[in-house]
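Everything on this sheet refers to the single structure shown next.
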There are 2 protein chains.
Amino acid sequence: MSHADPKDRLPLKPAVFHILLALSNGARHGLGIADEVEAASDGVLTLGPGTLYRSLDEMRRDGLVERTAPPEGEADPRRKFYEITPEGRRLLRAEVTRYQRVLDAARDRDVVPERA
Amino acid sequence: MSHADPKDRLPLKPAVFHILLALSNGARHGLGIADEVEAASDGVLTLGPGTLYRSLDEMRRDGLVERTAPPEGEADPRRKFYEITPEGRRLLRAEVTRYQRVLDAARDRDVVPERA
DNA sequence: GACCTCCATATTCAGTTTGGATATATCCAA
DNA sequence: TTGGATATATCCAAACTGAATATGGAGGTC
């Protein structure tokens with residue numbers, strides 16, 4: 001068996017977590033991922049190019065993402081597109097679930113005024 | 001003015017974030033915080049002593065936590081107790097809110113099967 | 001076509017952040 | 001009183017990250 005339990009691979013590195021989140025919405029190319037991460041966090045999070053391309057390499061080696069063909073109508077041939085794999089989605093789901101539990105506990109302590 | 005907008009201080013370092021979360025439930029001493037963080041994450045997150053005491057020092061300097069008296073009936077005089085300050089709670093709330101938005105977006109993409 | 005600017009990937013390097021090892025002292029139980 | 005567990009604290013190497021830099025090609029303008 002090779003990692004039957006996703007929990008053994010948690011916690012995800014913050015960069016990996018946010019890249020997976022961005023890709024969960026559909027395939028994207030490198031810089032498109034960085035833009036998505038920044039937008040999804042209201043500009044609070046940024047992803048430097050070093051972290052970005054290094055993380056993508058690692059994640060590909062680990063089977064979390066795959067290279068995929070550019071979408072229909074894509075003009076720029078330089079862009080390399082990535083999509084999340086079933087394994088990546090499984091891991092992302094585990095991390096989201098875990099994190100949501102932490103935030104739920106915080107809400108129960110009235111850290112935030114109310115539930116969204 | 002000294003940091004009117006909490007957003008300027010986001011994102012919190014992961015360690016600081018989780019320490020604030022642990023303290024949002026009430027005052028705790030150093031190792032008690034580490035235990036709380038580990039328990040709240042189902043054993044996924046750990047806090048090494050280096051990160052723990054270094055973070056507490058920084059957070060005290062930044063006004064996020066304060067030393068406080070041991071609770072009634074506390075036997076061990078070695079324990080140093082900390083409580084979250086209003087400023088710390090303000091910052092924690094901002095970070096929780098931001099993070100919840102990210103998770104909400106993930107849920108809308110069916111990353112997780114359903115809402116808790 | 002020549003030029004210029006912007007975009008995209010990629011690598012390098014230095015700074016930040018972290019965990020583990022180590023140190024010191026004290027508490028508690030046998 | 002002896003030993004093991006607990007608690008704070010410091011140090012160091014490893015992990016992780018962002019910014020600077022490099023390279024090359026795309027697309028627009030004249």
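Remember, predicted model here, so these are calculated numbers, not experimental data. Residue numbers start from 1 in every chain, and the chains themselves are labelled A, B, ... in the order their sequence lines are given, proteins ahead of strands. Heavy atoms only: backbone and side chains are in, while hydrogens, waters and symmetry mates are out.
Applying the salt bridge (charged side-chain N to carboxylate O under 4.0 Å, His left out) test to every pair with at least one member in residues 14-34 of chain B, sequence neighbours left out, gives these pairs: Arg28(B)-Glu36(B).
Protein atom CZ of Phe17(B) is 17 Å distant from nucleotide atom C1' of dT17(C), rounded to whole Å. Rounded to whole Å, atom C1' of dT18(C) lies 15 Å from atom CE of Met59(B). Here dT17(D) presents its C1' atom at 9 Å from NZ of Lys13(A), a figure rounded to the nearest Å. Counting to the nearest Å, the C1' atom of dA21(C) and the OH atom of Tyr53(B) are 15 Å from each other. Rounded to an integer number of Å, the gap from CG of Leu56(B) to P of dA9(D) is 9 Å.
Closest to the side chain of Thr51(B), out of dA26(D), dT6(D), dT18(C), is dT18(C). With distances taken from any side-chain atom of Leu31(A) to the nucleotides dT17(C), dA8(C), dT10(D), the minimum falls on dA8(C). Looking at the side chain of Arg79(A), the nearest of the listed nucleotides dA8(C), dT17(D), dA10(C) is dA8(C). Among the nucleotides dT17(D), dA26(D), dC27(C), the one closest to the side chain of Pro77(B) is dC27(C).
Atom-to-atom distance recorded for Phe81(B):CZ and Arg67(B):CZ is 10.0 Å, nearest 0.5 angstrom. Atoms CG and CZ, on Leu64(A) and Arg90(A) in that order, are 10.5 Å from each other to the nearest 0.5 Å. Distance check, rounded to the nearest 0.5 Å: CZ of Arg54(A) to CE of Met59(A) gives 13.0 Å. Atom CD of Glu58(A) and atom OG1 of Thr51(A) lie 9.5 Å apart (nearest 0.5 Å).
For a distance-only test at 3.5 Å, the side chain of Arg78(A) qualifies as a donor-acceptor partner of the base of dC7(C).
In this structure, Pro49(B) reaches the bases: a heavy-atom distance under 4.0 Å links it to at least one base atom across the strands shown. Backbone-only contact: Gly30(B) has heavy atoms under 4.0 Å from sugar-phosphate atoms and none from a base.
Looking at residues 60-71 of chain A, you'll see that no heavy atom sits under 4.0 Å from any atom of DNA chain C.
Judged by distance alone, with hydrogens and angles left aside, the side-chain atoms of Glu74(A) form a donor-acceptor pair with the main-chain N or O of Asp76(A) at under 3.5 Å.
Sequence order on DNA chain D of the closest nucleotides to Asp35(B) and Arg54(B) puts Asp35(B) first from the 5' end. Across the interface with DNA chain D, nearest-nucleotide mapping of Asp57(B) and Gly50(A) shows Asp57(B) to be the residue nearer the 5′ end.
The phosphate of dA9(D) (OP1 or OP2) has a side-chain N or O of Lys80(B) nearer than 4.0 angstrom.
For the pair Leu10(B)/Leu91(B), a side-chain contact is recorded, criterion being any heavy-atom separation below 4.5 Å from C-beta on. For the pair Leu56(A) and Ile33(A), the minimum side-chain heavy-atom distance is below 4.5 Å.
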Intermediate values then yes/no, side chain to side chain contact (heavy atoms under 4.5 Å, CB included), Arg9(B) and Glu95(B): CA-CA 9 Å; Arg9(B) 301 214 252 167; Glu95(B) 183 75 328; over 6 Å; no
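Taking the six-membered ring where tryptophan is involved, the planes of His18(A) and Tyr99(B) are tilted, since the angle between them lies from 30° to 60°.
The terminal axes of the helix from dG1(C)-dC30(D) to dA30(C)-dT1(D), fitted over 5 pairs per end, subtend an angle of 20° to the nearest 10°.
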